[in-house]
Protein chains: 2
Amino acid sequence: MGDADRAAIRPDRGSDMKLLIVEDDQFHASFMVETVGDILPEVSEITHVADGDKGEEEAKSGDYPAVILDLQMPGRNGVEAARTIWAAHPETRILFWSNYADEAYLRGITTIVPETSAYGYVLKTTSANRLGLALRAVLIEGQIMVDREINRYHQRATTPRSTLTESEFSVLVDLALGLTDKLIADRRAMSLRSVQNRLLSLYQKLEVDDEGGAFNKRTRAVNRALLTRMLNVETLIAAERELGPWYAKKLARSE
Amino acid sequence: MGDADRAAIRPDRGSDMKLLIVEDDQFHASFMVETVGDILPEVSEITHVADGDKGEEEAKSGDYPAVILDLQMPGRNGVEAARTIWAAHPETRILFWSNYADEAYLRGITTIVPETSAYGYVLKTTSANRLGLALRAVLIEGQIMVDREINRYHQRATTPRSTLTESEFSVLVDLALGLTDKLIADRRAMSLRSVQNRLLSLYQKLEVDDEGGAFNKRTRAVNRALLTRMLNVETLIAAERELGPWYAKKLARSE
DNA sequence: AAACCTTTTGCGGGTTCCCGCAAATTAGCT
DNA sequence: AGCTAATTTGCGGGAACCCGCAAAAGGTTT
């Protein structure tokens, strides 16, 4: 009986797999439809929508076992779309593909991916071979696969920049949102001095110190994070949406 | 004789126009090649290169009267490529096309376009009709054409945000680079208080004031500018390259 | 030239930020 | 429990930032 359940939820190599493609660029979309047709004979039905909101809707009603999701889209961000899709269907396998190798996206994805699922992250510039491999590995076999180009950002750098911890990353986001030290302390529930300690280690890791020291560390840190693709504008938009309600509540509380 | 000169430099509707396409995305590139073939019979020879550096080289040696330039490219930025192309051949007509409607790009272009030339800015999501129109208007007729979607960012907004002056924009860039007030004053050759005045008006125009006042104005301003697409990461990269030499010289001077 | 407007500059002080120092708390290990 | 390393927190002070106020310097109009 457990097998029957699993079969229903994960029609592995049946031959009637439904696939949802969410991609706003029509050329990439048609290329992807074509490639899937060639490489994945298991797929019997392909649905294509052109933006994140429609993708969420379709995924909610359609109950797709496999989704291909563009990360850069007008309106809803790819990572956010994935979050709501996974909230409704935690077993959905999602292959992200993106124009850029942004560490920020990868971080966003890895923090929301459920245990029961699989995901992949490939670049749009990747070869047809690697794309086919990823399609099969992630959507059919349920593996996790991340393009080597993306992880590269972690290691290599002009100097051995170490990767940020989760807590450092969250204060980085708050910093880039324009919050003040006190506000960050409030939001993350810690003391003012601790926030400043986090900032201190942030400044070190982003190498804000060793530039002659004449910079404004606050804005320089944001600058470094953006240019090294640790942070991107899309994640800032998403973070702003999370900040809004909290800040409104805080204002109400204090009055 | 003047006519002969003009004909040599601007082979208007001869039927042997050379065209250079600089575009890293192969799907968009092949689509563009196809479209040009359909719409511009005047073009006898199309060259396609996949990144900005190669584009600059090719344009320098090839002497193209018309160029199509992607704005988002790995390596050299589209606006920078245009600058060097125009430096060598000021009469070159360039059609920019982009994924995004960023005010920052438009500002960058309008400040470097020579009097003798023409340019256009269209979005990749634009209809084939409008694209064809722009191709003809800019590359053949030498008109200036900007997609309506892009100018929209100037006017509409949640509140009537006014557009920045040139001087305000330059301090915004310096701010986003992480410079300190004093450094900006140095760089732009004005007093410290003047810099702060500029920042003041920046804060007003970016509406940093009317948010409860609990924000760090410096980073919040950068945040607003990024989210409203007044500024983008590509222009920051370009600005950083300009800053580098100046800052090195300043360090040498002070020691 | 006089009146007027805009921009620039200096001064002063209130606030926030940056960070060294040391005590307190927590986490990890035997 | 007991010991050690790491993290958190408070305190304090120097630097940078934010900005009101008012004088000085340019630029325009009449």
Side-chain angles (χ1 to χ4, degrees), chain A residues 162-225 231 243 247 250-251 254, chain B residues 162-225 231 243 247 250-251 254:
Chain A
S162 32
T163 136
L164 301 185
T165 70
E166 205 53 47
S167 64
E168 283 163 351
F169 185 74
S170 70
V171 297
L172 170 61
V173 172
D174 287 350
L175 187 73
L177 285 176
L179 298 193
T180 180
D181 287 7
K182 188 137 51 79
L183 263 189
I184 300 177
D186 254 33
R187 186 148 124 99
R188 305 297 181 189
M190 50 180 162
S191 83
L192 204 135
R193 190 61 178 88
S194 292
V195 173
Q196 296 176 330
N197 276 339
R198 295 266 164 79
L199 287 176
L200 221 57
S201 62
L202 243 189
Y203 297 152
Q204 276 174 282
K205 292 197 177 172
L206 293 173
E207 304 169 30
V208 176
D209 291 335
D210 15 309
E211 301 193 276
F215 287 88
N216 176 305
K217 307 208 169 187
R218 214 147 235 267
T219 46
R220 187 65 176 170
V222 175
N223 181 292
R224 296 329 303 169
L231 207 60
L243 171 68
Y247 187 62
K250 177 189 160 48
L251 282 187
S254 68
Chain B
S162 33
T163 136
L164 300 186
T165 71
E166 205 53 47
S167 64
E168 283 163 351
F169 185 74
S170 70
V171 298
L172 170 60
V173 172
D174 287 350
L175 187 73
L177 285 177
L179 299 193
T180 180
D181 287 8
K182 189 135 51 79
L183 263 189
I184 300 176
D186 255 33
R187 186 147 124 100
R188 305 296 181 189
M190 50 180 163
S191 83
L192 205 139
R193 190 61 178 86
S194 292
V195 173
Q196 297 176 329
N197 276 338
R198 294 264 162 79
L199 288 175
L200 220 57
S201 61
L202 244 189
Y203 296 152
Q204 276 174 284
K205 291 197 178 174
L206 293 173
E207 305 169 29
V208 176
D209 292 334
D210 14 309
E211 301 192 274
F215 287 89
N216 176 305
K217 307 209 169 187
R218 215 145 233 267
T219 45
R220 187 65 175 170
V222 175
N223 180 291
R224 296 329 302 169
L231 207 60
L243 171 67
Y247 186 62
K250 177 188 162 48
L251 282 187
S254 67

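Keep in mind the model is a prediction, meaning the values are calculated, not measured.
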Distance test, side-chain N/O of [X] to OP1/OP2 of [N], below 4.0 Å:
X      : N      : answer
A/K182 : C/dT15 : no
A/N197 : D/dT9  : no
A/S194 : D/dT7  : no
B/K217 : D/dC19 : yes
A/N216 : D/dA16 : no
A/R198 : D/dT8  : yes

Minimum-distance nucleotide to B/L199 side chain [options: C/dT16, D/dC18, C/dC11] | D/dC18
With the side chain defined as heavy atoms from C-beta on, A/T180 is closest, among C/dT16, C/dC18, D/dA16, to C/dT16
Any side-chain heavy-atom pair of B/V173 and B/L177 under 4.5 Å = yes
N/O donor-acceptor pair, side chain B/R193 with base D/dG20, under 3.5 angstrom | yes
Looking for any heavy atom pair under 4.0 Å, which part of the strands does A/L200 touch: base, sugar-phosphate only, or nothing?
-> sugar-phosphate
Pick one: which of A/K217, A/R220, A/R224 meets side-chain contact (heavy atoms from CB on, under 4.5 Å) with A/Y203?
-> A/K217
